[in-house]
Structures are given as C-alpha cells and as structure tokens.
Amino acid sequence: MGQVTVRVGGYTHPVSCEDGQEGHLIALAADVDRRVASIRAMGGQYGESRLLLLAALLLADEIHDLRVELSRARSMPPQGAAADPRLADRLGRIAERIEGIAASLDHP
C-alpha cells in the first residue's frame with residue numbers, strides 16, 4: 001500500500017492509497033487545496049475542518065452538475081461525432097471514472 005503526505009489548506013495529511021496511485025492522489029489533493037484557497041480568498045476566518053467542509057461541498061456541487069449533464073447526454077440520441085462508437089466508448093469510460101470518484105466522495 002502506498003502512502004503520501006499531501007498539503008491542503010496549509011496543513012499536511014498522511015494518506016494511504018493503492019500502489020501506483022500516489023501521483024493521482026497528490027493531484028486530487030492539489031485540486032482540493034485550490035478550492036480551499038478560493039474559499040480563503042473570499043474572506044472570513046475558518047478553521048481547518050470548516051475549510052475542508054466547504055471545499056467538499058464545492059466538489060459535491062460540481063459532481064452533481066456533472067451527473068445531471070451526464071444523465072442528459074445519455075438520454076439524447078447520438079448525433080454527429082457522438083455516433084462514433086470509439087467516442088461513445090471513451091465517453092462511457094470517462095463517465096465511469098466520474099461515477100467512481102463521486103462514489104468515493106460519498107463513502108469516505
């Protein structure tokens with residue numbers, strides 16, 4: 001099992017992950033850190049747990065929007081480039097990754 005130390009909101013956190021996923025985990029933590037920084041830029045004094053909660057809510061909102069968009073896209077008949085089976089397969093794999101990320105956020 002791999003382990004990395006990520007920095008989010010000025011705090012370091014040791015996190016375990018599957019071997020080979022360290023870079024991906026670091027990138028995800030950097031994404032969360034960007035959200036924390038944007039919340040801090042809005043002003044106000046928040047503790048670490050509040051910052052992480054607000055960042056998680058921002059991410060959950062983005063995931064919700066992506067799920068709605070994915071649902072709409074799946075309900076539409078294929079047109080133009082979307083009729084390409086290779087493109088459809090690639091979009092399906094992307095959708096599965098999004099759903100996997102969403103599931104991992106829903107069930108920590």
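Shown here are the side chain to side chain donor-acceptor pair (under 3.5 Å) partners of E69, two or more places apart in sequence or in another chain: there are none. Applying the side-chain contact (heavy atoms from CB on, under 4.5 Å) test to I39 and every residue at least two apart in sequence or in another chain returns Y46, L51, L54, A55, L58. The salt bridge (charged side-chain N to carboxylate O under 4.0 Å, His left out) check on R93 picks up D89, with sequence neighbours excluded. Applying the salt bridge (charged side-chain N to carboxylate O under 4.0 Å, His left out) criterion to R72, with sequence neighbours excluded, gives no partner residue. In this view, H64 satisfies the side chain to side chain donor-acceptor pair (under 3.5 Å) rule with no residue, not counting sequence neighbours. Every residue meeting the side chain to side chain donor-acceptor pair (under 3.5 Å) condition with R34, not counting sequence neighbours, appears here in chain and number order: D31. Taking E99 as the reference, R74 meet the side chain to side chain donor-acceptor pair (under 3.5 Å) condition, with sequence neighbours excluded. For T5, the side-chain contact (heavy atoms from CB on, under 4.5 Å) test picks out T12, P14, with sequence neighbours left out. With sequence neighbours excluded, the residues satisfying salt bridge (charged side-chain N to carboxylate O under 4.0 Å, His left out) with E62 are R35.
The heavy-atom pair separating L25 from V6 by the smallest distance is O-CG1, 4.4 Å. Across Q3 and S16, no two heavy atoms sit closer than the pair OE1-OG, 3.6 Å.
Among residues at least two apart or in separate chains, there is no salt bridge (charged side-chain N to carboxylate O under 4.0 Å, His left out) pair with a member in residues 16-30. Residue pairs meeting the side-chain hydrogen bond (donor to acceptor under 3.5 Å, both in side chains) criterion with at least one member in residues 47-58, sequence neighbours excluded, are H13-E48.
For the atom pair L28 CG and L59 CG, the distance stands at 9.0 Å (nearest 0.5 Å).
Residues I98 and L70 fail the side-chain proximity criterion, which asks for heavy atoms closer than 4.5 Å.
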